[in-house]
Amino acid sequence: MTETRFDPSAADGRWQRAWDEAACFAADSRSARPKSYVLEMFPYPSGRIHIGHVRNYTMGDVLARYKKMRGFEVLHPMGWDAFGMPAENAAMEKGVHPGGWTRDNIASMKAQLKRLGFALDWTREFATCDPEYYGHEQALFIDLFEAGLVYRKQAQVNWDPVDMTVLANEQVIDGRGWRSGAQVEKRQLDQWFVKLTDFADDLLEGLETLDKWPEKVRLMQENWIGKSQGLEFSFTLSNGDTLPVYTTRPDTIFGSTFVAVAPDHPVAQGVAAQNCDAAKFIEQCKRGGTTAAELETAEKLGFDTGIGARHPFTGEQLPVFIANFVLMDYGTGAIMAVPGHDQRDFEFASKYGLLIPRVVAANAEEADKPFDGEAEPGDGVIVNSDFLTGMAVDEAKAEVIARAEADGWGKGTTVWRLRDWGVSRQRYWGTPIPFIHCETCGVLPVPKDQLPVELPEDVDFSVPGNPLLRHPTWKHTNCPSCGAEAVRETDTLDTFVNSSWYFLRFASQPQDKPFDRDELAKWLPVEQYIGGIEHAILHLLYARFWTRALTQMGQIDFAEPFASLFTQGMVTHETYSQRSADGLQDVFYMPDEVNRASDGATLKSDGSPVTIGRVIKMSKSKKNVVDPDAIIARYGADAVRWFMLSDSPPERDLPWSEAGIEGCWRFVQRLWRLFAHYDASAKGEDKALARKTHQTIAAVAEDIEALGFNKAVARLYELTNAVEKAQPSSTRNEAVRAIVQMVAPMMPHLAEEGWQQLGGEGLLAEAAWPEVDPALLVDDEVTIAVQHMGKLRDTLTAPKGAAKEDLEALALASEKVQRSIDGADIRKVIVVPDRLVNIVT
RNA sequence: GCGGGUGUGGCGGAAUGGUAGACGCCGGGGACUUAAAAUCCCCUGUCCCUUGGACGUGUGGGUUCGAGUCCCACCACCCGCACCA
């Protein structure tokens, strides 16, 4: 017979059409089957998918297809996080409309995703820029407003002068806009805020229930919420003012030797107004670096204001400093400094020659032990502290708070790092905030029957700033209350609002409301959510908030949207560069501009040697990117999918390599030949292969459910190797059928071809996972390791479940073991049934 | 600086306290071929002269009959960060 090859360029499209025609992946809310909601973070339609998307969606797809094979009704939707700045940037740069640009991008990315054969329910597809979607979002925003969870305030905001927009605190990185990189300015503007802090405790406590989230992500959220408990009290200053401070260590109050305020604290500003040295010092503080690492290594600096602060217990006058290490926006912007038990205070006191008394010690005997060059922030017993002496730290904290409250000069306080979520954006391409400003009636929500408030199509991007503000007619309307002329809100919502509830709309999309409560109850929570670690805090926290808010308003019945979260690693690639002619910089080359051999690389154009750099995240600037389309065109969807699953554990980075994808391609063809040579008439049994097959089925299922795709892949290689070595038999045929079924979630096109070849009925996409025979999961013979003093000396074969005495006798009979023992006295023999025998002499 | 993570062949990585290196890639040898591609077979941690043995999971200790795995101390790299009082 002529040797044929699997031709993905023909097969991929054929099966994709077959799945479409059979509507295999449309989720049915009325199905009686158990449900499974598998979701990958929806993409921003930048125009091209990148290899990271391919990895993300392949993982979700394997899970979705597998769950379907296991009898679940699977919801696996896809849509587009379609609002945001790149569309406006494109509008400005290329003179295209953001909407048109976005729609074009969606069309091309959708085609790319289709070519990968993902089992997606495209009937539920939507883009967040669809007026239908953002209209419902406007209704929800109004609901939140009416529930008291949305408010306006004059606030100092981070103004990005390049993007002409306001940024959330979380979106300012090192004083620069997280997207534009421009130096952020401070401005006062009327802003819309969502009361994230109302749910601070709830969001924190909820983390404990998320036992299927990565520990790392829970910790990041916990730190972000930043709950701390302590004492807030006021010092009476020598100039007659009072200075509120916050401390988490009221137990160390007797160890406080100075007070420090932030450079932008009113007290500091007051001093600076009269003292130009103080003003200069404050200016100097502002020039310092702002990153954590810079601040950590920066020298602690202070300015003595000459003001005294009266210690609430001792009555002593403590000097008040302006200090560069105190932050205005945390607590009260002022601290009682305890140099003995806080490292920053210690460094500061050491520099300025202030006293460093000990008030906490390991035990009472060490009450006057000198410090060893650093503060001791730890636990212990209170010393040198009047009525607190002898108490444990926690006891002393409670005692000081109790006394402060009884005497009325302070109170126990919980301080949160978490702030409310500023959602206003002075930008066109977003959800219009559905409010109307009336001179007499104030700020009113747009009546719901007038939603959606749609974006105007005719907008001008030739100048920066918000086109909605400049539009000649759009903002002019009438007050819904008094009917007088009024103006629309021209701010739009942060795109994180769009992604805070899209997973609900996927599950239920009635026309007249955002979602149907009963239908949501069927699908939610998302059983498996998969995405990048970069969304560990913001998106996931906002989405958690949003579902809680909806629960509080009685619209849904669950608090946590994502039962299980998985954060996948990045796809990386080595870099190729040459030194530029002037020797000053590196010139990078794309992987397809380079010939990569095992011992080096050369440039295709002129054969000159190329430096192979480290394996790092794919980025345009380093040109170490591969184009999914080119790879799919060359190797087909299945080889690419297989590569995405092979070798590297999914939570780790995956190094892309040409050799690796070649290996996947060879395996695709190996399987194809296995299927092509299938002989249905083969007879006979092969007990060992039957065991191997059933053990593999059980193990692969376990691996997929734990998202251990690399291990599932390895097991499938093993079984394939065993099958290829086996003689024809009905057992072998059973193994081949099992392979077809097992690779179906991973390489669905090839698997369909194989299924057809083997005479399977209907589409494999609709078929079941192979059954496991539990009797075949255990071997009847086992290999026993024989050790002498813990070192392997021999192995022997014994029946499964053999008696300890028999194993011991067998082990001692081994010539190799006897040689090793060499006549020494046997003190002990350890026998682990079915595993090993260890002889101790 | 703090928090988290990771260290296993040339590379990606497997190993409920029980035969370290499964599986894949790279590499070497061979078969087939006029030749190549494709495919198939064998070898492939290091060292020693072999049968065979010694060493070997970042480093140093410890627990154990037995440690990649558990404990203590350290080192390196990666990621995150907010000097959080």
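In what follows, every chain begins at residue 1, and chains take the letters A, B, ... in the order their sequences are listed.
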Regarding [X], tell me which of base, sugar-phosphate or nothing describes its non-hydrogen contacts under 4.0 Å with the strands shown.
{"X": "A:Ser657", "value": "nothing"}
{"X": "A:Val713", "value": "nothing"}
{"X": "A:Tyr717", "value": "sugar-phosphate"}
{"X": "A:Val840", "value": "sugar-phosphate"}
{"X": "A:Glu718", "value": "sugar-phosphate"}
{"X": "A:Ser646", "value": "nothing"}
{"X": "A:Leu219", "value": "sugar-phosphate"}
{"X": "A:Asn710", "value": "sugar-phosphate"}

For the pair [X] and [Y], find out whether any cationic side-chain nitrogen is under 4.0 Å from an anionic carboxylate oxygen.
{"X": "A:Glu658", "Y": "A:Arg634", "result": "yes"}
{"X": "A:Asp703", "Y": "A:Arg715", "result": "yes"}
{"X": "A:Glu376", "Y": "A:Arg358", "result": "yes"}

ask   = For residues A:Tyr717 and A:Ser646, is any side-chain donor paired with an opposing acceptor at under 3.5 Å?
value =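 Their side chains do not contain a donor-acceptor pair, so the 3.5 Å distance test is not met.
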Below 4.0 Å: OP1/OP2 of [N] and any side-chain N or O of [X]:
{"X": "A:Arg666", "N": "B:C25", "result": "yes"}
{"X": "A:Lys711", "N": "B:A15", "result": "yes"}
{"X": "A:Arg344", "N": "B:C84", "result": "yes"}

